[in-house]
Amino acid sequence: ILIDMTGSGVLGHAMLDSDQQAGITDLLVGAKKFTDIIHNDHYSDAHIIPLGQSDPRQAMRSKERLPMILDALGTAYDRVVVECGPSTAPQIEQLASGRTQIILSIVDPEAETVALAAHDLDQRGFDDVIILAAEAGADA
């Protein structure tokens, strides 16, 4: 299952051909139940929890519930992937559990921010970070 927490909801929109589906923000504000926010990807066998319709700022007031939600999903799914978009190590740390694997997706491998992000994650104890970068000159 993929949870779209990009802030823009771009992944959910692409996988569901809609940005009008209930999602993680709706669960966090209590407007929807688990069963209301899990959708089938239109292009694969994957499930997705899109961003949702509720205000992300209001939803993040309940961010302490996220580890519990992720643990519950972890019992039902082989893999739980959370796409956070640009995030800091402290933000990721709030979601992480002992089974967390961090993948740092890089658009511009020459950017100084890549080294800073990797160092920040390492300093927070995420020493097994996978760095995923596009080949130079490859189309995104």
Side-chain angles (χ1 to χ4, degrees):
I1 189 163
L2 172 73
I3 304 170
D4 184 350
M5 293 184 64
T6 58
S8 64
V10 68
L11 292 174
H13 179 67
M15 294 173 76
L16 299 171
D17 291 333
S18 171
D19 59 359
Q20 302 299 312
Q21 301 286 344
I24 192 69
T25 58
D26 304 307
L27 180 66
L28 287 170
V29 300
K32 298 290 182 182
K33 300 177 288 187
F34 251 121
T35 55
D36 299 327
I37 66 164
I38 298 173
H39 308 279
N40 293 316
D41 175 21
H42 288 195
Y43 304 99
S44 74
D45 292 334
H47 288 155
I48 180 164
I49 297 176
L51 184 61
Q53 300 301 303
S54 297
D55 179 29
R57 286 183 187 90
Q58 182 182 357
M60 290 313 288
R61 291 182 191 139
S62 298
K63 65 185 175 194
E64 69 279 351
R65 293 179 50 212
L66 283 170
M68 180 182 65
I69 291 168
L70 295 175
D71 284 344
L73 290 168
T75 62
Y77 290 92
D78 293 333
R79 295 214 184 344
V80 178
V81 177
V82 180
E83 170 56 74
C84 313
S87 301
T88 64
Q91 291 168 328
I92 293 169
E93 195 171 42
Q94 294 177 15
L95 298 175
S97 70
R99 304 177 314 182
T100 301
Q101 176 66 62
I102 305 294
I103 300 173
L104 181 59
S105 181
I106 301 170
V107 176
D108 180 6
E110 301 299 319
E112 181 180 322
T113 56
V114 173
L116 291 173
H119 178 73
D120 193 26
L121 288 165
D122 184 61
Q123 292 299 304
R124 293 281 183 163
F126 298 109
D127 53 1
D128 230 3
V129 175
I130 296 173
I131 298 177
L132 180 64
E135 291 183 35
D139 291 333

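Predicted, not measured: the structure shown is a model, and the values here were computed from it.
- Although no hydrogens or angles enter the test, the distance criterion places no donor-acceptor pair under 3.5 Å between the side chain of Asp26 and the main chain of Lys32.
- The heavy-atom pair separating Met5 from Val82 by the smallest distance is SD-CG1, 3.9 Å.
- Side-chain contact between Leu73 and Ile49: present, with at least one pair of heavy atoms (C-beta onward) separated by less than 4.5 Å.
- Asp120 has its side chain within reach of Pro90: a pair of non-hydrogen atoms, C-beta onward, lies under 4.5 Å apart.
- With Thr25 contributing its side chain and Pro56 its backbone, the two residues share no donor-acceptor pair below 3.5 Å.
- Interatomic distance, CG of Leu66 versus CG of Asp71, reported as 11.0 Å (0.5 Å rounding).
- Contact record, Val10 with Thr6: N-OG1, 3.7 Å, taken as the closest heavy-atom pair.
- Taken to the nearest 0.5 Å, the CD1 atom of Ile3 stands 11.5 Å off from the CG atom of Leu51.
- Under the 4.5 Å side-chain heavy-atom criterion for grouping Ile, Leu, Val, Met, Phe, Trp and Tyr, Ile1 is connected to Leu28 within one hydrophobic cluster.
- Minimum interatomic distance between Gln53 and Gln21 (heavy atoms only, all atoms of both residues): NE2-O, 3.5 Å.
- Put simply, OG1 on Thr88 and CD on Glu93 are 9.0 Å apart, with the number rounded to the nearest 0.5 Å.
- For the atom pair Leu27 CG and Arg65 CZ, the distance stands at 5.5 Å (nearest 0.5 Å).
- Heavy-atom minimum distance, His39 versus Pro50: CD2-CD, 3.3 Å.
- Asp17 has its side chain within reach of Tyr43: a pair of non-hydrogen atoms, C-beta onward, lies under 4.5 Å apart.
- Note that NE2 of His42 and CG of Asn40 are 7.5 Å apart. Values are rounded to the nearest 0.5 Å.
- For the pair Ser54 and Val29, the tightest heavy-atom approach, listed with the atom from each and the gap, is OG-CG2, 3.3 Å.
- Donor-acceptor pairing under 3.5 Å is lacking for the side chains of Asp41 and His47.
- To the nearest 0.5 angstrom, Ile102 atom CD1 is 5.0 Å from Ile92 atom CD1.
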